[in-house]
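Notes for the one structure printed next.
Residues: numbered from 1 along the sequence shown. Atom set for the values below is all heavy atoms of this structure, side chains included, hydrogens, waters and symmetry mates excluded.
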Amino acid sequence: MPNRTIKQQDVKNAAWAACDTFRGVMDAAGYKDYILVILFLKYISDVWKDHYEDYRKEYGDNDVRIRRKLKRERFILPKEASFYDLYEKRNEANIGELINIALDAIETENKSKLEGVFRNIDFNSEANLGKTRDRNRRLKMLLEDFNKPHLDMRPSRISDDVIGNVYIYLIERFASDAGKKAGEFYTPHKVSKLVAKLCKPKTGARICDPACGSGGLLIEAAKAVGNRNYSIYGMEVNGSTWALCRMNMFLHGADSARIDWCNTLTSPTLVENDRLMKFDNIVANPPFSLDKWGADEAEADIFNRFWRGVPPKSKGDFAFISHMIEAAVEKEGRVAIVVPHGVLFRGASEGRIREKLIKDNLLDAVIGLPGNLFPTTSIPVAIIVFDRSREKGGAIEDRKDVLFIDASKEYQAGKNQNTLMDEHIEKILSTFEKREHIEKYSHLASYDELKENDFNLNIPRYVDTFEEEDEIDIEAVQQEINTLENELVEVRGKMASLLKEVLE
């Protein structure tokens, strides 16, 4: 067994401490890219170092043969491009340029897995890192911070799970610091875990997130399969966030994941034979109520995603929903998506789309979550689950009801942000699986109930959480009022007396 002596918390602490180099220079949304790229470079350098030494025992000093073997297995690290090469050059006057050159060489040698991943970051940027002298000092400190013993990430010292968890930990910390900007790249881990399990991916599943951010939801969906037999796909419109996702996949051993940089709503690239690729499971936490999402082009959409109706220009929620449903495998695919509550009850074109989705028997569940779970917003959100196996010809076409769960009171309160705990998640999942009625928590609504409510899905219409107040003791209340009135008379008397003294 490998001698894995480094603990996960030690790596987390050391990596987070490295951020001190940038605090005060730029906000977390900016410096996260520099930290995560150097962490990634240190990781692949340590993996390469460990494996190179292993093969050296077998092939001796035959560098060409060793490199060929390593490239075939996973990736290749060009000469002069490792973290340690750069560490040795940390005092060079052009260290920022040298880091850029090394990253470019890594991309070039590993095009199928890493092409373009570093194109959005510039370690020689005066705008971000300051003038030459300050920039060089910061980069030197950063390289020294990551050369600490607790950041030895060789597989013989530490497991792959630890590295992946540290990467996610840093993204969570950056999200907390970045505030509203965090919505571009982060979904809270517990929410991701819940969404993934609600979507129920199985062995052999083709899993997609069309608004994948830094990839946390995809990682959780992959874990939910329970083995390595799955394939991962994603689309992300923000270039730097797309790069984070690619590195995240690599760090979690999902090198073969296809993560595309594109606009899902206007120009999706996960396409086969001029049609949308189909997926067994689709999970997403897309941007809430996205303005200017592309409504003007939707009528002529070549993939006919908006045949149930075009969502309003200023709210793209149902545009993402429409895309996801059309990309799910007919009569089998499942979709789980995080949405703002307005999606459940807004009228006009959104109301008409919602009604058609319900009449098509696609909606399976609506789950209300607590407020303040996200660093980006304090509003409560919901998860809606669609199941295409409810369609005519699907395995559960006879299921006509919709499960409503009100989990808005199920959370652990925090100073700045609330958190879902494992017991809250398990309660939701258990109720979801059993599709049971629990007073003041869940309700199984028939199609007729939905119709009576004009297909409005606002959760309080179906789950009664009203708490009756205790019986009021009228006599006690009157006595309290009398006491307060007497005290008020006394205070007024004292004030009049004091005022008289002042005037005299």
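In this structure the side chain of Leu114 reaches within 4.5 angstrom of the side chain of Phe40, judged on heavy atoms. Here the side chains of Tyr31 and Asn128 are not in contact, with every heavy-atom distance at 4.5 Å or above. In this structure, Arg388 and Arg334 have side chains that are not in contact, with every pair of non-hydrogen atoms separated by 4.5 Å or more. Residues Ile321 and Ile337 are in side-chain contact: their nearest non-hydrogen atoms beyond the backbone lie under 4.5 Å apart. At a threshold of 4.5 Å between non-hydrogen side-chain atoms, the residues Leu39 and Met153 count as touching. Residues Leu265 and Val237 are not in side-chain contact: their nearest non-hydrogen atoms beyond the backbone lie 4.5 Å or more apart. Considering only heavy atoms from C-beta on, Glu80 comes within 4.5 Å of Lys89 through its side chain. Between Trp242 and Cys245, every side-chain heavy-atom pair lies at or beyond the 4.5 Å cut-off.
Annotation: salt bridge (Lys or Arg N to Asp or Glu O under 4.0 Å) contacts involving residues 273-292, sequence neighbours excluded, comprise Lys278-Glu330. Applying the ring pair (Phe, Tyr, Trp, His ring centres under 6.0 Å) test to pairs two or more places apart or on separate chains, those with a residue in residues 83-129 are Tyr34-Phe123.
A salt bridge is absent between Lys79 and Asp85: the closest approach of a Lys/Arg side-chain nitrogen to an acidic carboxylate oxygen does not fall below 4.0 angstrom. Under a 4.0 Å N-O distance rule, the pair Arg305/Glu326 does not qualify as a salt bridge. For Glu350 and Lys315, the salt-bridge test fails: no basic side-chain N is under 4.0 Å from an acidic carboxylate O. Between Arg119 and Asp104 there is no salt bridge, since no side-chain N of the basic residue sits under 4.0 Å from a carboxylate O of the acidic one. A salt bridge is absent between Arg258 and Glu272: the closest approach of a Lys/Arg side-chain nitrogen to an acidic carboxylate oxygen does not fall below 4.0 angstrom.
Heavy atoms only, all atoms of each residue included: Pro201 and Ala221 are closest at CG-O, 3.3 Å. Of all heavy-atom pairs between Asp255 and Lys113, the closest is OD2-NZ, 3.6 Å. Taking each heavy atom of Leu344 and Ala382 in turn, the nearest pair found is CD1-CB, 4.2 Å. Of all the heavy atoms in Met324 and Ala284, the pair that sits closest is CE-CB, 3.6 Å. For the pair Ser408 and Asp406, the tightest heavy-atom approach, listed with the atom from each and the gap, is OG-OD1, 2.6 Å. When every heavy atom of Ile259 is checked against every heavy atom of Arg246, the shortest pair comes out as CB-CD, 3.7 Å.
In summary, the aromatic rings of Trp293 and Phe288 are positioned with their centroids too far apart to meet the 6.0 Å limit.
There is no side-chain donor-acceptor pair under 3.5 Å between Lys200 and Asn281. No side-chain donor from either of His424 and Gln412 sits under 3.5 Å from a side-chain acceptor of the other. Looking only at atom types and distance, the side chain of Ser240 has a donor-acceptor partner in the side chain of Asn238 under 3.5 Å away. With hydrogens and angles left out, the side-chain atoms of Thr187 and Asn285 include a donor and acceptor closer than 3.5 Å. In the model, Asn372 has no side-chain atom that pairs as donor or acceptor with a side-chain atom of Ser378 under 3.5 Å.
By the 30° and 60° cut-offs, the orientation of the rings of Phe250 relative to Phe75 is perpendicular.
For Thr431 (side chain) and Lys427 (main-chain N/O), a donor-acceptor pair under 3.5 Å exists by modelled atom type. For Asn110 (side chain) and Ile106 (main-chain N/O), a donor-acceptor pair under 3.5 Å exists by modelled atom type. Counting only distance, with no hydrogens or angles, the side chain of Asp260 and the backbone of Cys262 share no donor-acceptor pair below 3.5 Å. Panel note: side chain Asp387, backbone Asp364; no donor-acceptor pair is recorded below 3.5 Å.
Evaluation of the salt bridge (charged side-chain N to carboxylate O under 4.0 Å, His left out) rule for Arg67 yields Asp63 as partners, not counting sequence neighbours. Taking the side-chain contact (heavy atoms from CB on, under 4.5 Å) definition, one finds that Lys148 meets it with Asp145, sequence neighbours left out. In terms of the side-chain contact (heavy atoms from CB on, under 4.5 Å) criterion, residue partners of Asn124 (sequence neighbours excluded) are, by chain and number, Glu97, Asn100, Asp122, Arg135.
Note that OG1 of Thr264 and CG of Leu270 are 7.5 Å apart. Values are rounded to the nearest 0.5 Å. Here Leu369 contributes atom CG and His341 contributes atom NE2; the two are 7.0 Å apart, rounded to the nearest 0.5 Å. Remark: Ser322 OG to Leu357 CG distance equals 6.5 Å, nearest 0.5 Å. The structure places NZ of Lys42 at 12.5 Å from CG of Leu86, a figure rounded to the nearest 0.5 Å. Note that the OH atom of Tyr43 and the CG atom of Leu251 stand 6.0 Å from one another [nearest 0.5 Å]. Taking CG from Asp296 and OG1 from Thr266, the interatomic distance works out to 11.5 Å, rounded to the nearest 0.5 Å.
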(request) Please step through side-chain contact (heavy atoms from CB on, under 4.5 Å) for the pair Asp301 and Val310, ending with a clear verdict. (result) CA-CA 10 Å; Asp301 179 52; Val310 176; over 6 Å; no
(request) I would like to know whether Val385 and Val335 meet side-chain contact (heavy atoms from CB on, under 4.5 Å); could you show each step before the answer? (result) CA-CA 6 Å; Val385 181; Val335 172; over 6 Å; no
(message) Show, in sequence, the C-alpha distance, side-chain angles and deciding distance for Asp317 and Ser289, and conclude whether the side chain to side chain donor-acceptor pair (under 3.5 Å) test is met.
(response) CA-CA 5 Å; Asp317 304 301; Ser289 302; 3.0 Å; yes
(message) side-chain contact (heavy atoms from CB on, under 4.5 Å) for Met247 and Tyr167? Distances and angles first, verdict last.
(response) CA-CA 9 Å; Met247 287 187 281; Tyr167 192 83; 3.6 Å; yes
(request) Would you please test Val191 and Leu373 for side-chain contact (heavy atoms from CB on, under 4.5 Å) and show each step? (result) CA-CA 8 Å; Val191 176; Leu373 289 178; 4.2 Å; yes
(request) Applying salt bridge (charged side-chain N to carboxylate O under 4.0 Å, His left out), run through Asp152 and Arg154 and close with a yes or a no. (result) CA-CA 6 Å; Asp152 181 344; Arg154 287 176 293 167; 2.6 Å; yes
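Relative to the ring axis of Tyr233, Arg206 places its NZ or CZ within 45° and under 6.0 Å from the centre.
Only one option out of Cys199, Cys208, Cys212 pairs with Val283 in a side chain to side chain contact (heavy atoms under 4.5 Å, CB included); it is Cys199. Only one option out of Lys190, Lys193, His189, Lys197 pairs with Glu220 in a side-chain hydrogen bond (donor to acceptor under 3.5 Å, both in side chains); it is His189.
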Identify every side-chain donor-acceptor pair in residues 223-232 under 3.5 Å, counting partners at least two apart or on other chains, and give the distances.
from: Asn227; atom 1: OD1; to: Asn229; atom 2: N; distance (Å): 2.8
from: Asn227; atom 1: ND2; to: Thr203; atom 2: OG1; distance (Å): 2.8
from: Arg228; atom 1: NH2; to: Gly253; atom 2: O; distance (Å): 2.9

